[in-house]
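What follows is one structure encoded as structure tokens, with my remarks underneath.
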Number of protein chains: 2
Amino acid sequence: MHYTRDNMAGLLRSHDINPTHQRIEIAHALFSRQEHLSADQVMAIVNTRHSETSKATVYNTLKLFLEKGLVREVIVDPSKVFFDPNTSPHHHLYEVDSGKLSDIDAEHVVISGLPPLPAGMVTEGIDLIVRVRRTG
Amino acid sequence: MHYTRDNMAGLLRSHDINPTHQRIEIAHALFSRQEHLSADQVMAIVNTRHSETSKATVYNTLKLFLEKGLVREVIVDPSKVFFDPNTSPHHHLYEVDSGKLSDIDAEHVVISGLPPLPAGMVTEGIDLIVRVRRTG
DNA sequence: TCCGGATATTAGACAAAGTCCAGATCGACG
DNA sequence: CGTCGATCTGGACTTTGTCTAATATCCGGA
């Protein structure tokens, strides 16, 4: 599967998102890299050659992608939110010093013994973040 | 154990923190409530009667408490950091709609199957956050 | 008691992330 | 082509948090 811009249009449509120029560029930035990017980084990537997409649009679009389940939000750093194009169940490894964020496959991870939820509540998601630091 | 201001002074000393007026007030705000508070909330509480403590001091003090292991940082909301006076191992339940944050005792929770850490890394902490939402 | 240095506090300027809005622009369709 | 709803935009604004230089407080020793 190549993350071409044409394929992005299809991906957007399949998530009920009208594929505009800007949205395709933003989706392409996220999916072709398969990395965790902040809004800032997305903006920088999309506007490398010449300014194409405004800050407001980047934020609006990322929020839209989030609502439509195209990307996932990862909150590990108090100063910025990361957007993750991988929506399959997985966890995160965060290197505190460098700010590097990587995936931990959920396949073999088991979390057991959680207490029952309060009445009238449904789980929206379980975030497991392993914070690590370089020794010495 | 009552969380009197006098006891706060002892608590601070036992964590190698010089117990000043402002620090005692801030510690008292956190520990007497045993709740998760943001810097904003701490500032509001400490300055209810009349302005006593500046913003800079609140931030400096919370950071100091963090370094000295007196409180713990909880990152669940992209817009603000919460400070948790409970430093014993535990997890968190976050109600997305209301922003309410509560503890999950770690005693019976088991997390297994995590992959080995990259070489030269040590775990700084594992954060488990259960995000819930009220059923519609 | 007075002095001096170390530690703490402060106001306010500043920075960065994100939101908001009113107007401009786009693009599909008749 | 002209219209209309959807989208995009610049820029002002808000909020959280940081920084700095000046001031205040504390404490030990002469």
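Below, read A as the first sequence line, B as the second, and so on, with proteins coming before strands; counting in each chain starts at 1.
In this entry the distance linking CG of L62(B) with C1' of dA8(C) reads 15 Å, nearest Å. The CG-P distance, from L37(B) to dG17(D), rounds to 13 Å in whole Å. Between I24(B) atom CD1 and dT25(D) atom P the separation is 16 Å, expressed in whole Å. I26(B) places its CD1 atom 8 Å from the P atom of dT9(C), with the value rounded to the nearest Å. With rounding to whole Å, R13(B) atom CZ is found 17 Å from dT7(C) atom P. Between the CZ atom of R23(B) and the C1' atom of dT10(C) there is a distance of 14 Å, rounded to whole Å. Rounded to a whole Å, the CE atom of M43(A) is 10 Å from the P atom of dG10(D). The separation between I17(A) atom CD1 and dT7(D) atom C1' is 14 Å, rounded to whole Å.
Dashed line: the shortest gap from a side-chain N or O of Q22(B) to OP1 or OP2 of dT25(D) is not under 4.0 Å. OP1 or OP2 of dT7(D) has at least one side-chain nitrogen or oxygen of N18(A) nearer than 4.0 Å. At dT9(D), one or more side-chain N or O atoms of T57(A) fall inside 4.0 Å of OP1 or OP2 (strictly under the cut-off).
Residues satisfying the side chain to side chain contact (heavy atoms under 4.5 Å, CB included) test with S98(A), not counting sequence neighbours, are E95(A), K100(A).
Looking at D103(B), its side chain never comes within 3.5 Å of a backbone N or O of D105(B) through a donor-acceptor pair.
For the pair M121(B) and V130(A), the minimum side-chain heavy-atom distance is 4.5 Å or more. No side-chain heavy atom of F83(A) sits under 4.5 Å from any side-chain heavy atom of R72(A).
Between H92(B) and H36(B), the two ring planes are perpendicular [angle over 60°; tilted spans 30° to 60°].
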- List the protein contact pattern of nucleotides 18-27 of chain C with one symbol per nucleotide (5' to 3'): B for base contact, S for sugar-phosphate-only contact, - for none; contact means a heavy-atom distance under 4.0 Å. BBB-------
Please report, to 0.1 Å, the donor-acceptor pairs under 3.5 Å made by any side chain of residues 15-23 of chain B, with sequence neighbours excluded.
unit_1	atom_1	unit_2	atom_2	d
H15(B)	ND1	L11(B)	O	3.2
T20(B)	OG1	R23(B)	N	3.3
R23(B)	NH1	N18(B)	O	3.0

